[in-house]
Amino acid sequence: MSPAPQSDDSESAKLDFIREIVARDVQANTHQGRVHTRFPPEPNGYLHIGHAKSICLNFGIAQEFGGKCNLRFDDTNPTKEDVEYVESIQEDIRWLGFEWDELHFASDYFEQLYEWSCELIRKELAYVDSQTLEEIRQQRGTATEPGQESRYRNRSVDENLDLFSRMRSGEFADGEHVLRARIDMASKHLILRDPLMYRIRHAEHHRTGNQWCIYPMYDYAHGQSDAIEEITHSICTLEFDTHRPLYDWFIEKLGIFPSHQYEFARLNLTYTVMSKRKFIDLVDGNYVDGWDDPRMPTLSGMRRRGYTPEAIRNFCSEIGVTKYNGLTDLVVLENALRADLNKRAERRMAVLDPLRVVITNYPEGESEELDAVNNPEDESAGTRKIPFGREIFIERDDFMEDPPKKFFRLGPGREVRLRWAYFLTCQEAIKDEDGNIVELRCTYDPETKGGNAPDGRKVKGTIHWVSAEHSVEAEVRLYDHLLKVENPADMPEGQDWKEALNENSLSVLKGCRLEPSLADNDGAMPVQFERKGYFIQDARDSAAGHLVFNRTVSLKDSWSKKGRR
RNA sequence: AGCCCGAUGGUGUAACGGUAGCACGAAAGAUUCUGAUUCUUUUAGUCUAGGUUCAAAUCCUAGUCGGGCUACCA
């Protein structure tokens with residue numbers, strides 16, 4: 001399939017430890033120099049930015065080494081999985097810019113897996129255990145004490161074969177029997193203490209329907225699926241590293257294609273959570289609006305928020321791949337996003353907190369159109385016309401009645417530039433009876449049309465504005481961190497991570513005023529509201545009569561930072 | 001607790017026995033019709049203790065700290 005463009009680091013990029021292994025294997029002509037990876041999600045939830053790291057790694061390696069990457073759904077637990085997720089996962093991967101070479105489902109291998117189980121039984125390497133869950137658990141032993149062998153451990157091959165086939169044919173209820181690998185109940189690797197291979201589950205599977213009532217466990221299904229697909233490098237996250245001895249054991253005993261497993265550290269980001277379990281808590285607890293809430297680190301949420309695939313890919317390449325379990329600062333992600341949006345987003349003007357300005361020396365009842373540059377970073381984006389008139393709106397915090405010296409914006413008697421328009425001088429602030437400023441009376445200099453003074457005088461500040469008459473109203477949603485703490489794994493004793501939820505993570509601004517070109521903006525196009533940030537029209541709630549914009553990310557703001565000090 | 005994995009500026013990473021480098025952040029400055037962008041400069045690091053070696057971030061041993069495993073989840 002056609003490779004997507006890989007992230008923008010080129011040849012100068014250093015190889016991470018996994019790519020080093022792959023490069024070495026190619027060099028040594030292992031598997032005839034063939035490279036084949038896979039991305040193996042369980043279809044039981046939506047993909048998140050952590051999955052993006054794995055996707056970029058697996059698909060990226062395939063592209064870089066001229067290999068292949070499969071998408072394989074690890075659908076071995078019918079009670080948790082659903083086609084809804086199968087579809088959303090594919091959508092998200094494609095959106096990220098990758099295309100799989102082969103699409104597989106572990107459930108397609110159930111018959112082969114069953115046959116291999118029989119082979120292990122015949123080799124006396126697997127047996128049917130008829131103990132209860134509780135008994136099995138108790139016999140497992142502890143980290144310091146060995147486990148005990150099941151009283152069913154030495155059943156004959158024939159009895160095992162018979163029982164296993166009757167398990168398959170549905171003779172038994174859930175939990176009556178399991179199939180176990182016969183390894184070593186005294187092993188220091190707890191995972192090798194006769195791990196379960198199959199359990200009985202009378203449940204309908206989203207793909208195989210009611211064809212099966214026994215389902216393989218992850219450890220028995222995953223490595224064998226890798227082997228069937230002749231995966232050369234099976235890349236997974238760190239928590240599976242204790243499973244590797246078992247992964248290798250099955251492959252060795254079955255004598256099948258020797259896939260190898262390599263583990264890397266999953267992504268952790270500050271101020272957010274990154275697990276399906278916690279996402280479910282957020283959605284079910286109505287802390288967010290759903291899996292695609294723009295505050296969620298799910299790919300669907302990030303897409304709705306206005307993240308671009310390129311930004312995510314660049315981020316993944318910047319953070320690297322190691323076995324160190326770190327915590328990546330969210331600003332790294334946000335900067336990757338700003339860098340990408342800065343190049344591609346067209347500029348528009350929008351006033352989020354409008355303050356009316358009457359330009360007293362501008363002729364009443366008249367208006368004009370001015371030229372504005374769409375993207376100073378990209379000349380090909382061209383220009384557009386923006387209407388200007390006697391009454392405009394400016395941002396409320398662009399005016400101060402008693403401004404400090406370093407405030408470059410509007411104040412009584414001060415002159416600023418209206419972006420792409422004229423110089424404007426504030427003459428008077430009109431207040432209501434409570435002393436709130438409700439309107440500004442200003443004058444403009446007709447000689448400064450376009451934004452430059454013929455006499456060469458300079459102004460320190462340029463502010464954005466919209467025409468009162470021509471602007472359109474919109475709702476704007478601003479987002480902040482989901483959590484108030486950097487690391488939810490680090491909560492004080494006895495505190496649940498949900499106590500750290502930021503109750504101000506969403507603020508909804510109504511009555512915002514946008515320049516009219518935004519009314520028929522192609523909804524999918526990211527835009528920069530000048531001096532405010534990058535925004536995108538909300539894909540779900542925005543309609544012709546009711547514009548809704550999401551703030552993707554703010555611009556860097558060294559002014560407000562200074563104020564804090 | 002046993003086993004496994006890990007530890008380099010604030011954060012994320014590179015250096016593969018031979019000059020500790022990069023990015024982000026932070027700080028200062030320049031430019032600027034976005035207090036954005038861009039550019040310049042500065043900042044700050046090898047967990048600890050031993051050992052091997054002419055030479056250790058790198059190899060060895062022990063310790064400390066962090067993570068994982070002890071599901072009929074993946």
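Sequence lines set the chain letters: A, B, ... in the order given, protein chains first and strands last, and positions in each chain run from 1. Just so we're clear, the structure is a prediction, and the values are computed from it rather than from any experiment.
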Residues [X] and [Y] bridged, charged N to O under 4.0 Å:
X: A:Glu135; Y: A:Arg151; result: yes
X: A:Glu530; Y: A:Arg419; result: yes
X: A:Glu377; Y: A:Arg344; result: no

| field | Proximity of A:Trp465 and A:Phe388 rings by center, below 6.0 Å | value | yes

| Just by distance, do the side chain of A:Ser88 and the backbone of A:Tyr85 share a donor-acceptor pair under 3.5 Å? | yes

| Got a donor-acceptor contact below 3.5 angstrom from the A:Ser187 side chain to the A:His189 backbone? | yes

Across the strands shown, which category fits [X] at heavy-atom distances under 4.0 angstrom: base, sugar-phosphate, nothing?
X: A:Thr322; answer: sugar-phosphate
X: A:His243; answer: base
X: A:Thr142; answer: nothing
X: A:Arg244; answer: nothing
X: A:Thr132; answer: base
X: A:Thr76; answer: sugar-phosphate
X: A:Leu555; answer: base
X: A:Phe315; answer: nothing

| request: Would you mind telling me which residue lines up with the more 5' stretch of RNA chain B, A:Arg531 or A:Lys188, judged by nearest nucleotide? | output: A:Lys188

| 5'-most contact on RNA chain B: A:Glu42 or A:Lys53, nearest heavy atom basis? | A:Lys53

| Cation over ring, A:Arg168 on A:Tyr114, under 6.0 Å and within 45°? | yes

| query | Under 6.0 Å from the six-membered ring centre of A:Phe105 and within 45° of its axis: does the NZ or CZ of A:Arg207 meet both? | reply | yes

Between [N] atom [atom2] and [X] atom [atom1], what is the distance in whole Å?
X: A:Ile18; N: B:rC5; atom1: CD1; atom2: P; result: 16 Å
X: A:Leu246; N: B:rU70; atom1: CG; atom2: C1'; result: 14 Å
X: A:Asp340; N: B:rU37; atom1: CG; atom2: P; result: 15 Å
X: A:Asn77; N: B:rC73; atom1: CG; atom2: P; result: 6 Å
X: A:Glu346; N: B:rU37; atom1: CD; atom2: P; result: 20 Å
X: A:Gln148; N: B:rU70; atom1: CD; atom2: C1'; result: 15 Å
X: A:Met197; N: B:rA71; atom1: CE; atom2: C1'; result: 17 Å
X: A:Asp16; N: B:rC22; atom1: CG; atom2: P; result: 21 Å

Got a sec? Which of [range] come in under 4.0 Å of RNA chain B, heavy atoms?
range: residues 166-185 of chain A; value: A:Gly175, A:Val178
range: residues 259-266 of chain A; value: none
range: residues 371-386 of chain A; value: A:Pro376, A:Glu377
range: residues 414-424 of chain A; value: A:Arg417, A:Arg419, A:Trp420

| task | Report yes if a donor N or O on one partner sits less than 3.5 Å from an acceptor N or O on the other, where the partners are the side chain of A:Glu318 and the base of B:rU13; otherwise report no. | result | no

| message | Once hydrogens and angles are ignored, does a donor-acceptor distance under 3.5 Å link the base of B:rU34 to the side chain of A:Arg347? | response | yes

Nearest-neighbour nucleotide for the [X] side chain, [options] considered:
X: A:Asn342; options: B:rU37, B:rU70, B:rU11; value: B:rU37
X: A:Glu530; options: B:rU70, B:rU34, B:rG6; value: B:rU34
X: A:Phe408; options: B:rG12, B:rA74, B:rG35; value: B:rG35
X: A:Glu20; options: B:rA15, B:rA74, B:rG35; value: B:rA15
X: A:Val332; options: B:rC24, B:rU13, B:rC72; value: B:rC24
X: A:Arg137; options: B:rA74, B:rG2, B:rC72; value: B:rC72

| Residue of the set A:Phe250, A:Tyr198, A:Phe240 for which ring pair (Phe, Tyr, Trp, His ring centres under 6.0 Å) holds with A:Tyr218 | A:Phe240

| said: With heavy-atom distances below 4.5 Å as the criterion, would you say the side chains of A:Glu346 and A:Gln528 are in contact? | reply: no

| task | Could you label the plane-to-plane angle of the A:His222 and A:Tyr247 rings as parallel, tilted or perpendicular, counting under 30° as parallel and over 60° as perpendicular? | result | tilted

At under 4.0 Å, does any side-chain N or O of [X] touch on OP1 or OP2 of [N]?
X: A:Thr328; N: B:rU11; value: no
X: A:Arg201; N: B:rC73; value: yes
X: A:Arg338; N: B:rA36; value: no
X: A:Lys556; N: B:rU37; value: yes
X: A:Thr462; N: B:rG35; value: no
X: A:Arg199; N: B:rA74; value: yes

| Is A:Tyr324 stacked on the base of B:rA7, with ring centres under 5.5 Å apart and planes under 30° apart? | no

| message | Between B:rA74 and A:Tyr218, is there a base-stacking contact, meaning the centre of the base's six-membered ring lies under 5.5 Å from the residue's ring centre while the planes stay under 30° apart? | response | no

Closest approach of [X] to [Y] (non-hydrogen atoms, all atoms of both residues):
X: A:Gly45; Y: A:Ile89; value: O-CD1, 3.9 Å
X: A:Ile200; Y: A:Ala173; value: CD1-O, 3.6 Å
X: A:Arg348; Y: A:Leu518; value: CG-CD1, 3.4 Å
X: A:Ile18; Y: A:Phe264; value: CD1-CB, 3.9 Å

About how many Å separate [atom2] of [Y] and [atom1] of [X], when rounded to the nearest 0.5 Å?
X: A:Lys405; Y: A:Phe407; atom1: NZ; atom2: CZ; result: 15.0 Å
X: A:Phe535; Y: A:Cys512; atom1: CZ; atom2: SG; result: 8.5 Å
X: A:Asp371; Y: A:Lys449; atom1: CG; atom2: NZ; result: 8.5 Å

| query | Starting at the 5' end of RNA chain B, what dot-bracket string do you get if Watson-Crick and G-U pairs under 3.5 Å are bracketed, crossing pairs use [ ], other-strand pairs use | and unpaired bases use dots? | reply | (((((((..((((....[..))))((((((.......))))))...(((((..]....))))))))))))....

Could you go through nucleotides 64-68 of chain B and list every protein N or O atom that sits under 3.5 Å from one of its N or O atoms, giving the distance for each pair?
residue: B:rG67; atom: O2'; partner: A:Asn325; partner atom: ND2; Å: 3.2

